[in-house]
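One structure below.
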Amino acid sequence: MSRLFGEIVEPSTRALIDDDIEEYPDYLGFTPEWEGNATVPKQINSLIVLESNVIKDVVNNCVLAQEKSICKLENGGIEIFQLPNSNYIILYNERKGLNPGQIVEILEKWIVTSKTIYTVTTDSIYNYQSTNNYKEKPVSLVRVISNVDKKRNNLEQPNLVTGLGATILEYCIHESIKKCTLYIIYMDKSPLDSFSCTPIFNVFTEIGIPINNRNIKARESSNNLYM
Amino acid sequence: MAPMFRFSKSSDLSGYALIIPCVSVGNVPQLTVDLLVKTYNLQKIASVWHPAIVSTVGSDPYDVNSSEICTACELYANDELKIACIQLRSTLDCNLAKKFFEDIYSNMKELNVKKIIILSSAFDYDLHNINNERFYFLDSTQVNSPASIPNVKELQMNENGKYLINGAGFSINLYSVISRSLKCLLLGKFISEGDNRPDAEALLEKLLRVLDLQEYSRKIVCPSSWAYVFGGPPPNGIY
């Protein structure tokens with residue numbers, strides 16, 4: 001803040017705009033940088049897209065362990081793992097490079113080939129908006145949006161989901177591919193342990209991800225400040 | 001790449017006025033489109049897909065009992081009033097923004113709409129006198145120009161020969177692409193951030209005058225999703 005002392009600080013806005021850009025850069029196209037065998041399998045029963053740091057920790061600890069990915073999209077931040085019964089997991093780490101819309105266009109054949117698509121992401125419970133007068137705000141909540149069975153949709157207004165999973169669901173809605181279900185797990189930001197991971201394990205069980213162990217190592221808090 | 005517009009029923013938008021809200025300060029253009037859709041009962045007729053649009057999914061913002069899914073960008077229309085509007089609920093990836101402008105321009109040409117109205121908003125600290133002329137416009141046709149509407153002023157270029165409006169996002173860029181060969185109007189309001197619902201109502205009123213639809217003026221209905229403008233109620237446990 002001291003750098004701003006005495007200077008005019010223009011107000012910021014909650015709108016997602018970037019006024020510094022007078023001239024947008026030219027679109028140069030993109031080339032997928034695959035590593036490994038990225039051939040789309042002939043049969044995919046379930047394509048499971050997992051994102052967020054919390055999910056990644058749980059998956060690496062309890063599902064994949066030492067499993068090696070079959071292929072990696074370097075500039076898209078995705079790794080694809082094969083599970084038994086022609087099920088596949090896509091792990092997504094957001095990074096600079098391709099945006100989710102471009103990644104979905106690269107993964108189009110995977111999406112079309114799959115019989116079912118599940119996407120799982122997490123968000124902080126404090127970002128969850130509801131008119132319910134909770135006596136105590138729940139520690140975690142699981143919400144579903146699906147274009148397979150609309151009766152299951154229980155994410156209330158005005159909560160919105162973003163990320164690769166949301167982009168895949170949006171693409172499926174646009175292309176009338178009725179097979180995508182998105183799970184969003186609203187969680188407390190406490191360190192991961194076997195208790196806080198229960199909703200994640202429940203969702204994994206529901207969508208058929210085999211859990212090899214439930215003994216997750218508690219991750220230390222990144223700092224000791226009360227934020 | 002998937003087609004940008006996927007219509008849920010066969011629609012002919014020739015002769016329609018099409019409204020596009022830009023992501024701008026206070027999200028006033030989006031709020032205005034929300035009011036337009038809800039008050040004038042516009043129906044969703046197409047989903048819009050483009051890799052530049054940051055995807056969002058959620059429940060129907062206009063009907064709390066609906067199980068429909070809303071996405072980041074959708075097209076609504078009212079056949080009786082001959083108006084259509086794109087509701088853009090998210091932002092654009094700046095690296096693909098130019099491609100988005102070109103793609104939407106070519107799609108607009110194919111749709112054969114009568115006129116395109118781009119809505120925007122800008123920081124009112126740019127104004128020297130905040131009491132009047134809180135609305136601005138740019139018109140590619142100069143026919144039925146909104147200059148005759150009270151408090152609406154045409155934007156002027158700066159000394160470098162450019163239009164500069166702080167807080168208006170990509171509205172000038174989109175206007176300059178679309179106005180190459182299509183009839184296009186940029187309409188906006190200078191605002192401060194805060195409770196921007198009155199700004200949206202005021203912009204809607206000017207929009208109706210521009211569209212010459214004052215005779216259809218009716219009591220404004222806010223969508224149910226606006227109940228959360230200031231967040232949900234506090235948990236009972238804090239009392």
Side-chain angles (χ1 to χ4, degrees), chain A residues 10-19 21-30 98-105 108 128-137 145-147 149-171 173-176 182, chain B residues 1-2 6 22-27 30 47-61 64 67-72 89-91 93-99 101-102 121 123 125 162 164 166-170 173 192-193 223-228 231-237:
Chain A
E10 291 184 349
S12 59
T13 169
R14 63 172 182 258
L16 299 164
I17 52 174
D18 198 343
D19 264 342
I21 301 172
E22 262 188 46
E23 197 57 51
Y24 286 92
D26 287 326
Y27 177 63
L28 302 170
F30 61 90
L98 302 176
N99 74 16
Q102 292 170 305
I103 295 170
V104 165
E105 293 194 336
E108 188 188 6
Y128 176 74
Q129 298 277 328
S130 172
T131 49
N132 287 330
N133 277 314
Y134 293 113
K135 276 193 175 173
E136 285 176 18
K137 202 158 188 173
I145 316 177
S146 171
N147 77 336
D149 180 6
K150 287 182 180 170
K151 286 176 190 164
R152 294 191 67 194
N153 295 345
N154 60 1
L155 183 71
E156 302 94 333
Q157 305 173 346
N159 299 291
L160 293 169
V161 188
T162 59
L164 182 64
T167 312
I168 291 175
L169 176 58
E170 188 169 322
Y171 184 81
I173 292 168
H174 185 71
E175 294 291 70
S176 301
L182 179 147
Chain B
M1 187 176 143
R6 184 78 77 185
C22 282
V23 183
S24 318
V25 55
N27 294 321
Q30 280 78 15
S47 64
V48 186
W49 164 266
H50 196 279
I53 301 171
V54 175
S55 293
T56 57
V57 287
S59 57
D60 188 340
V64 75
S67 58
E68 289 299 311
I69 303 170
C70 96
T71 57
R89 301 188 174 92
S90 184
T91 189
D93 180 341
C94 68
N95 292 319
L96 281 87
K98 257 190 174 174
K99 180 174 163 51
F101 301 149
E102 293 297 335
S121 52
F123 283 114
Y125 63 67
K162 287 182 175 178
L164 188 64
N166 289 315
F170 56 81
N173 305 74
S192 297
E193 278 201 324
S224 50
S225 54
W226 283 26
Y228 305 83
N236 287 339

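Predicted model only: the values in this text are computed from it and were never measured. So you know, we letter chains A, B, ... as the sequences are listed, proteins then strands, and number each from 1.
- One distance of note links NZ of B:Lys98 with OH of A:Tyr27; it measures 14.0 Å at 0.5 Å rounding.
- To the nearest 0.5 angstrom, A:Glu170 atom CD is 4.5 Å from B:Thr71 atom OG1.
- One finds the CZ atom of A:Arg152 at 12.0 Å from the CG atom of A:Asn147 (value rounded to the nearest 0.5 Å).
- Counting heavy-atom pairs under 4.5 Å between each of B:Ala97, B:Gly58, B:Ser59 and chain A puts B:Ser59 at the top.
- Your options are A:Lys150, A:His174, A:Lys151, and the one with the most heavy-atom pairs under 4.5 Å with chain B is A:His174.
- Taken to the nearest 0.5 Å, the CZ atom of B:Phe170 stands 12.0 Å off from the SG atom of B:Cys94.
- With chain A as the partner, the residue from B:Val64, B:Asn95, B:Thr56 showing the most heavy-atom pairs under 4.5 Å is B:Thr56.
- The part of A:Ser146 that comes within reach of chain B is its backbone (N, CA, C, O), which places non-hydrogen atoms under 4.5 angstrom from that chain.
- Minimum heavy-atom separation, B:Pro51 to A:Gly101: CB-C, 3.9 Å.
- The part of A:Glu105 that comes within reach of chain B is its side chain, from C-beta onward, which places non-hydrogen atoms under 4.5 angstrom from that chain.
- Within the 4.5 angstrom heavy-atom criterion, atoms from both the backbone and the side chain of B:Ala72 approach chain A.
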Start with the C-alpha distance between B:His50 and B:Lys99, add both sets of side-chain angles, then the distance that settles side-chain contact (heavy atoms from CB on, under 4.5 Å), and finish with yes or no.
CA-CA 9 Å; B:His50 196 279; B:Lys99 180 174 163 51; 4.1 Å; yes
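- Comparing A:Leu98, A:Leu160, A:Asn153, A:Val161 by heavy-atom pairs within less than 4.5 Å of chain B, the highest count is held by A:Val161.
- Contacts of A:Asp26 with chain B are made by both backbone and side-chain atoms, with heavy-atom separations under 4.5 Å.
- The greatest number of non-hydrogen atom pairs below 4.5 Å with chain A, out of B:Ser121, B:Ser47, B:Ala52, is found for B:Ser47.
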Does the pair B:Arg89 and B:Cys70 meet the rule for a side-chain contact (heavy atoms from CB on, under 4.5 Å), with working shown?
CA-CA 10 Å; B:Arg89 301 188 174 92; B:Cys70 96; 4.1 Å; yes
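- Heavy atoms of A:Leu182 lying under 4.5 Å from chain B belong exclusively to its side chain.
- If you take CG on B:Asp93 and CG on A:Asn99, they are separated by 4.5 Å, rounding to the nearest 0.5 Å.
- Heavy atoms closer than 4.5 Å to chain A are found in both the backbone and the side chain of B:Ser224.
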